[in-house]
Novice: 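If you scroll down you'll find the structure; I have some questions about it.
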Amino acid sequence: MSQPKTTKHRILDAAEVLFAERGFKETSLRAITTAADANLASVNYHYGDKKGLIRAVLGRYLDQFIPAFKQELLSLHQRDEFDMNDVFLCTKQPLLRLNSFKNNGTTIFMSLIGHGYTDVQGHLRWFITTYYDDVIQLFVTAVRRAYPCLDPETLFWRLHFTLGASVFTVVSSTALFAIAANDFSSRIKTEDLINRLVPYLAAGVTAPIALNKEIL
């Protein structure tokens, strides 16, 4: 028989669901404490403030995703040659494993990441770049090895275009699966979605660089 969840974990679980559905800005601490059957003082006691709670929610997923992603990147860097498709495939298994960590975990994680950017949560960017910078640098180095001609500014834009396309696709996966089943009689799973997405992302990052940056 499972043990009842502590107040701390009830708050974390309630916040995760509401943040993923509504975003960080639109979710009040009152909504979270109501869903968790807790009081505001307990949020402050366990997480300090709303920013601390946001980091705890995302950190729970990052602690699962980052070590697996890092191992994939380290293995990739051992190879003499690889292309951009190989770089993005490093995310595949770490993302899929999130569904084993929690039901629908891949979609929840990508939704949280997406809200972190669209809600302009600067403290999240600081949190991720501070605590996971070594993995970020491994990924950026892999991208540069796969396509050395990218200048820093172009790399910045293309990686953010990549993130936007990835977040939209994964978060919209339920609707996309339904459309694919209705229009093409295709039964798509998350793994199939990633397999279709990776070549698209790789092609975008390695697209020819315009000589006149004004038309980028």
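Fair warning: this is a prediction, and the values are worked out from it, not measured in the lab. Computed from heavy atoms alone, side chains included, the values below leave out hydrogens, waters and symmetry copies.
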Novice: Under 4.5 Å between any side-chain heavy atoms of His46 and Leu12, yes or no?
Specialist: no
Novice: Look only at the side chain of Tyr47 and the backbone of Arg55, and say whether a donor-acceptor pair between them is shorter than 3.5 Å.
Specialist: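 No, Tyr47 side chain to Arg55 backbone: no donor-acceptor pair under 3.5 Å.
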Novice: What distance separates Ile194 CD1 from Thr190 OG1, expressed to the nearest 0.5 Å?
Specialist: 6.5 Å
Novice: Could you walk me through whether Thr107 and Val170 pass the side-chain contact (heavy atoms from CB on, under 4.5 Å) check?
Specialist: CA-CA 6 Å; Thr107 299; Val170 177; 4.1 Å; yes
Novice: Measure from the side-chain N and O atoms of Ser28 to the backbone N and O of Ala31, and report whether any donor-acceptor pair falls under 3.5 Å.
Specialist: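 Confirmed, Ser28 side chain pairs with Ala31 backbone.
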Novice: For the pair Phe101 and Arg97, evaluate side-chain contact (heavy atoms from CB on, under 4.5 Å) and give the outcome as yes or no after the intermediate values.
Specialist: CA-CA 7 Å; Phe101 169 65; Arg97 286 177 198 149; over 6 Å; no
Novice: Please evaluate residues Thr162 and Phe88 with respect to the criterion side-chain contact (heavy atoms from CB on, under 4.5 Å), reporting the C-alpha separation (whole Å), side-chain torsions for both, the decisive distance (0.1 Å), and the verdict.
Specialist: CA-CA 10 Å; Thr162 296; Phe88 285 111; 3.6 Å; yes
Novice: Linking Ile, Leu, Val, Met, Phe, Trp and Tyr by side-chain heavy atoms under 4.5 Å, what else ends up with Trp157?
Specialist: Phe156, Phe161
Novice: So which heavy atom on Leu53 is nearest to which on Ala15, and how close?
Specialist: CD2-CB, 3.9 Å
Novice: Side chains of Val87 and Val205: closer than 4.5 Å at any heavy-atom pair?
Specialist: no
Novice: As an exercise, state the distance from CG of Asn104 to OG of Ser173, rounded to the nearest 0.5 Å.
Specialist: 6.5 Å
Novice: Counting C-beta onward and ignoring hydrogens, is there a side-chain heavy-atom pair between Ile32 and Phe19 closer than 4.5 Å?
Specialist: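 The answer is yes, as the side chains (C-beta and beyond) meet within the 4.5 Å cut-off.
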Novice: Please check if the side chain of Thr33 supplies one atom and the backbone of Leu40 the other of a donor-acceptor pair under 3.5 Å.
Specialist: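 Checking the backbone N and O of Leu40 against the side chain of Thr33, no donor-acceptor pair under 3.5 Å is found.
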Novice: Establish whether Tyr131 and Leu62 are linked, either directly or via other cluster members, by ILVMFWY side-chain heavy-atom contacts under 4.5 Å.
Specialist: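 Yes; Leu62 is reachable from Tyr131 via cluster members.
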Novice: Report yes if the side chains of Arg158 and Tyr147 come closer than 4.5 Å at any heavy-atom pair, otherwise no.
Specialist: yes
Novice: Counting heavy atoms not belonging to Asn103, are there more than 12 under 6.0 Å from its CG?
Specialist: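 Check fails, neighbour count at 12 or below.
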Novice: Between Asp13 and Arg60, does any side-chain N to carboxylate O distance fall below 4.0 Å?
Specialist: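 So Asp13 pairs with Arg60 through a salt bridge.
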Novice: If you group Ile, Leu, Val, Met, Phe, Trp and Tyr whenever their side-chain heavy atoms sit less than 4.5 Å apart, what else falls in with Leu193?
Specialist: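 Leu193 shares its hydrophobic cluster with Phe177, Ile188.
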Novice: Between the side chain of Thr169 and the main-chain N/O of Ala165, is any donor-acceptor distance below 3.5 Å?
Specialist: yes
Novice: Carefully, step by step, assess Tyr61 and Phe65 under the rule ring-ring contact (aromatic ring centres under 6.0 Å, His included).
Specialist: CA-CA 6 Å; Tyr61 282 88; Phe65 175 76; over 10 Å; no
Novice: Quick one: do Leu176 and Tyr200 end up in the same hydrophobic cluster if we chain Ile, Leu, Val, Met, Phe, Trp and Tyr together by side-chain heavy atoms under 4.5 Å apart?
Specialist: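 No; tracing contacts between hydrophobic side chains, which count when under 4.5 Å, never links both residues.
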Novice: Work out which heavy atom in Asp37 is nearest to a heavy atom in Arg10; give both atom names and the distance.
Specialist: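 Nearest pair, atom of Asp37 first, then Arg10: O-NH2, 3.1 Å.
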Novice: With the side chain counted from C-beta on, respond yes when Leu163 and Ile113 share a heavy-atom pair under 4.5 Å apart, and no when they do not.
Specialist: yes
Novice: Is there a donor-acceptor pair under 3.5 Å between the side chain of Asp192 and the backbone N or O of Lys189?
Specialist: yes
Novice: With a sphere of 6.0 Å drawn around CD of Gln93, does it hold more than 12 non-hydrogen atoms of other residues, nucleotides or ligands?
Specialist: yes
Novice: So His115 and Phe24, would you call those rings parallel, tilted or perpendicular, with 30° and 60° as cut-offs?
Specialist: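 Answer is perpendicular, since the angle exceeds 60°.
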Novice: Should Thr7 and Tyr45 count as side-chain neighbours, where that means a heavy-atom distance under 4.5 Å?
Specialist: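 Thr7 vs Tyr45: side chains apart.
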Novice: Which heavy-atom pair separates His77 from Thr141 by the least distance, and what is that distance?
Specialist: CE1-CG2, 3.8 Å
Novice: Can you tell if the side chain of Asp134 reaches within under 4.5 Å of the side chain of Lys70, non-hydrogen atoms only?
Specialist: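 Side chain of Asp134 against side chain of Lys70, heavy atoms only: contact under 4.5 Å found.
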Novice: If two hydrophobic side chains count as joined below 4.5 Å and joins carry through other members, does Leu74 share a cluster with Ile66?
Specialist: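 The answer is yes; both residues are in one hydrophobic cluster.
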Novice: Which atom pair, heavy atoms only, marks the closest approach of Phe139 to Leu73?
Specialist: N-CD1, 3.8 Å
Novice: Rounded to the nearest 0.5 Å, how far does CD of Glu26 lie from CD of Glu21?
Specialist: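 Going from CD on Glu21 over to CD on Glu26, the span is 13.5 Å.
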Novice: What's the separation between atom CD in Gln71 and atom CG in Leu76, rounded to the nearest 0.5 Å?
Specialist: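 If we round to the nearest 0.5 Å, Gln71:CD and Leu76:CG are 11.5 Å apart.
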Novice: Tell me whether Leu197 shares a hydrophobic cluster with Ile108, the cluster being built from Ile, Leu, Val, Met, Phe, Trp, Tyr side chains joined at under 4.5 Å.
Specialist: yes
Novice: Can any side-chain N or O of Asn99 pair as donor or acceptor with the backbone N or O of Gly105 at less than 3.5 Å?
Specialist: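 Side chain of Asn99 to backbone of Gly105: a pair is present.
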Novice: Is there a donor-acceptor pair closer than 3.5 Å between any side-chain N or O of Asp86 and the backbone N or O of Asp83?
Specialist: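 Such a contact is found between Asp86 side chain and Asp83 backbone.
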Novice: What's the shortest heavy-atom distance between Leu112 and Ala20, and which atoms?
Specialist: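 Nearest heavy atoms, Leu112 then Ala20: CD2-N, 3.9 Å.
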Novice: Please indicate whether Arg196 has more than 12 foreign heavy atoms, meaning atoms of other residues, nucleotides or ligands, lying under 6.0 Å from its CZ.
Specialist: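 Open: at most 12 neighbouring heavy atoms sit under 6.0 Å from CZ of Arg196.
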Novice: Establish whether Leu58 and Val17 are linked, either directly or via other cluster members, by ILVMFWY side-chain heavy-atom contacts under 4.5 Å.
Specialist: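 No, Leu58 does not connect to Val17 through the hydrophobic network.
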Novice: What are the two closest non-hydrogen atoms of Arg145 and Asp80, and how far apart are they?
Specialist: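 Closest approach of Arg145 to Asp80, heavy atoms only: NH2-O, 3.5 Å.
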Novice: Taking atom CZ of Arg187 as the centre, does the number of heavy atoms from other residues, nucleotides or ligands within less than 6.0 Å exceed 12?
Specialist: no
Novice: Do the side chains of Glu72 and Lys92 get nearer than 4.5 Å, heavy atoms only?
Specialist: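 The answer is no, as the side chains (C-beta and beyond) never meet within the 4.5 Å cut-off.
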Novice: Show your working on side-chain contact (heavy atoms from CB on, under 4.5 Å) between Ile136 and Ile128 and close with a plain yes or no.
Specialist: CA-CA 9 Å; Ile136 294 172; Ile128 292 172; 3.9 Å; yes
Novice: Distance check, rounded to the nearest 0.5 Å: Cys90 atom SG versus Leu95 atom CG?
Specialist: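 With rounding to 0.5 Å, SG (Cys90) is 11.0 Å from CG (Leu95).
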Novice: Just verifying a value: how many Å separate Glu16 CD and Ile11 CD1, rounded to the nearest 0.5 Å?
Specialist: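 With rounding to 0.5 Å, CD (Glu16) is 14.0 Å from CD1 (Ile11).
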